S.K.: 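Quick one: the structure is below, questions incoming.
Since the structure is predicted, the reported quantities are computational estimates derived from the model, not experimental observations. The basis for the numbers below is simple: all heavy atoms, side chains too, and nothing from hydrogens, waters or symmetry mates. Atoms within each ligand, like the ligands themselves, are counted from 1 in listed order.
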Amino acid sequence: MDTLIYDGIIVTLDERDTWYNPGYVFIKGNKIREVNSGQPPKELFSQAKKVIKASNKLVMPGLINNHTHAAMSLFRGLADDLPLDKWLDTYIFPIEKAFVNEEFTYWGTLLAGWEMIRSGTTCFADGYFCEDGAVKACLDLGIRAILAQGIIDFPAPSVLDPKKNILHAEQFLKKWQSVSELIIPAVFAHAPYTCSDKTLKFAKKLADDYQTFFFIHVAETKWEVEEIKKIHGFTPLTYLYHLGILDQKTIIVHANWLTREEVNIIRDTGVKVVHCPESNLKLASGLSPVPELLDKNILVALGTDGCASNNNLDLFQEMNTCAKIHKGFSLDPTIMPAKTVLKMATVYPAQMFSLNIGVLKKGNFADLIIINFKQPHLFPFYNPYSHLVYAVHGTDIETVIINGKIIMEDKKLLGINSPKIKTNIYNLANKIKLHLSPNH
Ligand SMILES: CSC[C@H]1O[C@@H](n2cnc3c(O)ncnc32)[C@H](O)[C@@H]1O
Ligand SMILES: [Zn+2]
């Protein structure tokens, strides 16, 4: 469907950071055909099947959530106020063992996708078990996603024999590699402390064989650094470097505890980094040296992490936290300006995944969002970047378009059966509640 959006504040995030007020966007099929200032020429009104008047609204590229475990939305609020090791070992791994299967991942990802779309996310990168369920949920929602099958060296949901984890991931890649232009299947090795060197090398080779992305949680906590040093004689990132698995298609998540040499390794190997400030704050894991990474031209993108450690998937909130935490930590208010943080959720991830999204320009896929700016907390309006990072809430998003298709209009998700999703989520949550001890 061809769509014309006009009379809005248009934030393009192009190379020159152009924004128009007023301006218009014309979408033809699944791509952006024209972005310009002023009012559109008359013929665009007659060409468009759908016309959206965006007065007092801001139009921008959809946000990209670069790290989550979508299905963990079903574990939201189940284990709070704990350090990572206790959180994983005492609560998360056991509950995953008891409950995660393809059906769980399907409903959990539907719930997460619903939350993400409502708060302006049009693409996300996921790592979890039984990812077939995640693919099916994303196809049902119409959301763009990089979906990575999890690999870990102990019995995991649907892969009870860890010797079969690589084979299982390969079946996943084979099944989904060219099924939809919205889905990129990928590989997620859990961490250096849960995967052997052999598993890590095989997992990376598998990703390479299928020319896809290899994700891994790295250097998240001080404990991990000490543990890997004790076992392998290197700090985590250096250890991965010696395994030969760091390159441009490797995406490291967290990267909180890095030495100066490791920052140089990241730069020299072309590795990309995902920063998850809210999860890192909540688990008290540490803080990635993002300003230093960006100074070295390393691509850094923003992620929420899963709902059991965040506990939401609102990237507007994540941007706000990201901009402030680095200022507070460095005692420098000029660090991490709003525009840079916004690019960590749009332009940089698009580059990271070589996707033609993240910028409103001719030829890019039409993934965009419309935000209602006629609200007390957004008056007055001087600077779009300031509002988008420091004032907008995820709940302000009105309309979401992905791949040229209207997915949400006036805050209503089209094409999903929300009562059916709610019933299934309640049923699963009730089973989880029964499983937890009474004094949990
Ligand atoms: C193969 S990835 C899925 C696996 O990762 C677990 N997980 C979720 N968040 C974190 C985190 O911040 N650090 C380490 N592991 C994490 C999740 O529960 C799954 O078991
Ligand atoms: Zn994670």
Side-chain angles (χ1 to χ4, degrees), residues 65-76 78-80 82-101 104-105 108-109 112 124-131 133-134 146-159 162 165-166 168-169 172 185-195 199-200 203-204 206-207 213-225 227-228 236 251-257 273-288 301-311 313 318 432:
N65 185 351
N66 301 284
H67 178 62
T68 191
H69 310 280
M72 292 182 85
S73 58
L74 290 167
F75 297 142
R76 189 193 323 260
L78 182 142
D80 291 330
L82 295 162
L84 179 74
D85 52 353
K86 194 164 177 203
W87 178 78
L88 276 176
D89 296 338
T90 315
Y91 295 93
I92 300 299
F93 286 153
I95 200 95
E96 285 177 336
K97 194 168 168 213
F99 283 97
V100 178
N101 54 27
F104 177 99
T105 300
T109 306
F124 70 101
D126 193 58
Y128 210 54
F129 306 113
C130 309
E131 280 291 272
I146 298 98
L147 301 172
Q149 172 62 35
I151 290 176
I152 200 159
D153 269 348
F154 51 74
S158 84
V159 195
N165 54 18
I166 304 287
H168 188 83
F172 173 77
V187 175
F188 201 123
H190 177 256
Y193 56 90
T194 49
C195 295
T199 299
L200 292 172
K204 173 61 179 155
L206 176 65
F213 301 101
F214 171 78
F215 295 84
I216 183 164
H217 296 114
V218 186
E220 185 170 1
T221 60
K222 241 182 179 172
W223 171 85
E224 176 187 334
V225 175
E227 184 72 2
I228 298 300
I251 296 168
I252 59 170
V253 179
H254 299 308
N256 293 331
W257 299 90
V273 178
V274 180
H275 177 41
C276 305
E278 293 199 338
S279 168
N280 293 159
L281 283 169
K282 184 160 174 278
L283 295 165
S285 298
L287 185 69
S288 180
L302 210 54
T304 56
D305 215 345
C307 266
S309 64
N310 183 301
N311 296 2
L313 303 172
E318 198 77 32
I432 294 169

S.K.: Who's closest to atom 5 (O) of ligand 1 heavy-atom-wise, of E224, H190, H254?
M.R.: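 Selected option, by shortest heavy-atom distance: H190.
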
S.K.: Using a 3.5 Å cut-off on N or O atoms only, is S279 in polar contact with ligand 1?
M.R.: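 Not met; the criterion fails.
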
S.K.: In sequence, state the C-alpha distance, the side-chain angles, and the governing distance for I432 and F104, and then conclude on side chain to side chain contact (heavy atoms under 4.5 Å, CB included).
M.R.: CA-CA 11 Å; I432 294 169; F104 177 99; 4.0 Å; yes

S.K.: Within the distance-only criterion (no hydrogens, no angle test), does the side chain of N310 pair as donor or acceptor with the backbone N or O of C307 below 3.5 angstrom?
M.R.: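 Side chain of N310 to backbone of C307, a donor-acceptor pair under 3.5 Å: no, none is there.
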
S.K.: Would you say F215 touches ligand 1, if touching means a heavy atom closer than 4.0 Å?
M.R.: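 No, F215 has no heavy atoms under 4.0 Å from ligand 1.
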
S.K.: Side chain, backbone, both or neither: which part of W87 has a heavy atom under 4.0 Å from ligand 1?
M.R.: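 The answer is the side chain of W87.
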
S.K.: How would you list, by chain and number, every residue that makes a side-chain hydrogen bond (donor to acceptor under 3.5 Å, both in side chains) with N101, sequence neighbours excluded?
M.R.: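 Listed in chain order: nothing, the list is empty.
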
S.K.: Provide, to 0.1 Å, the distance between atom 19 (C) of ligand 1 and the closest protein heavy atom, together with that atom's residue and name.
M.R.: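 Nearest neighbour among protein heavy atoms for atom 19 (C) of ligand 1, to 0.1 Å: E96 OE2, 3.3 Å.
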
S.K.: What protein heavy atom sits nearest atom 12 (O) of ligand 1, and how far away is it?
M.R.: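 The protein heavy atom lying closest is E220 OE2, 2.7 Å.
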
S.K.: Just by modelled atom types, is the A70 backbone N or O under 3.5 Å from a matching donor or acceptor in the D126 side chain?
M.R.: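 Flag set: sc D126 to bb A70 pair under 3.5 Å.
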
S.K.: Which atoms of ligand 1 are found less than 4.0 Å from any heavy atom of F129?
M.R.: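 Matching atoms, with element in brackets: 19 (C), 20 (O).
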
S.K.: Show the atoms of ligand 1 that are less than 4.0 angstrom away from any heavy atom in G150.
M.R.: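 The atoms of ligand 1 under 4.0 Å from a heavy atom of G150 are 1 (C).
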
S.K.: Check for a donor-acceptor pair, side chain of W257 on one end and backbone N or O of W223 on the other, with a separation under 3.5 Å.
M.R.: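 Flag not set: sc W257 to bb W223 has no pair under 3.5 Å.
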
S.K.: Counting each atom of ligand 1 from 1 as listed, which ones have a heavy atom of F93 under 4.0 Å away?
M.R.: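 Those qualifying, in numeric order: 20 (O).
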
S.K.: Is it true that G127 lies under 4.0 Å from ligand 1, counting heavy atoms only?
M.R.: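 It does, in that a heavy atom of G127 comes within the 4.0 Å cut-off of ligand 1.
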
S.K.: Counting distance only, does the side-chain N/O of N256 pair as donor-acceptor with the main-chain N or O of S288 below 3.5 Å?
M.R.: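 Yes: the side chain of N256 pairs with the backbone of S288.
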
S.K.: Which atoms from ligand 1 have a heavy atom of I92 less than 4.0 Å away?
M.R.: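 Those of ligand 1 that fall under 4.0 Å from I92 are 18 (O).
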
S.K.: Between D153 and T199, does a side chain to side chain donor-acceptor pair (under 3.5 Å) hold up when you go through it step by step?
M.R.: CA-CA 8 Å; D153 269 348; T199 299; 2.8 Å; yes

S.K.: Measuring from non-hydrogen atoms of Y193 to any atom of ligand 1, is the shortest distance under 4.0 Å?
M.R.: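 Yes.
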
S.K.: Backbone N or O of G306 within a donor-acceptor pair of the S279 side chain at under 3.5 Å?
M.R.: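 Here the side-chain-to-backbone pair does not exist.
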
S.K.: Looking only at N, O or S atoms, find the one in H67 nearest to the Zn ion (ligand 2) and name it.
M.R.: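 For H67, the N/O/S atom sitting closest to the Zn ion (ligand 2) is NE2.
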
S.K.: For I152, which part has a heavy atom under 4.0 Å from ligand 1: side chain, backbone, both, or neither?
M.R.: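 Near ligand 1, I152 shows nothing, with every heavy atom at 4.0 Å or more.
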
S.K.: For the atoms NE2 of H217 and OD1 of D305, give the angle they form at the Zn ion (ligand 2), rounded to 10 degrees.
M.R.: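 It comes to 170°.
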
S.K.: What protein heavy atom sits nearest atom 16 (C) of ligand 1, and how far away is it?
M.R.: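 Heavy-atom neighbour on the protein nearest atom 16 (C) of ligand 1: H217 CE1, 3.5 Å.
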
S.K.: Taking the six-membered ring for Trp, are H190 and F93 parallel (under 30°), tilted (30 to 60°) or perpendicular (over 60°)?
M.R.: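 Because their plane-to-plane angle is over 60°, the rings of H190 and F93 count as perpendicular.
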
S.K.: Students often mix this up, so state it plainly: with edges at 30° and 60°, are the rings of H254 and H67 parallel, tilted or perpendicular?
M.R.: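 H254 and H67: perpendicular rings.
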
S.K.: What I want to know is whether Y128 and ligand 1 share at least one N or O pair that is separated by under 3.5 angstrom.
M.R.: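 Such a contact does not occur with ligand 1.
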
S.K.: Starting from atom 7 (N) of ligand 1, which protein heavy atom do you reach first, and at what distance in Å?
M.R.: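 Minimum-distance protein heavy atom for atom 7 (N) of ligand 1 reads H69 NE2, 3.8 Å.
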
S.K.: For A79, is there any backbone N or O sitting under 3.5 Å from a side-chain donor or acceptor partner on W87?
M.R.: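 At least one qualifying donor-acceptor pair exists.
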
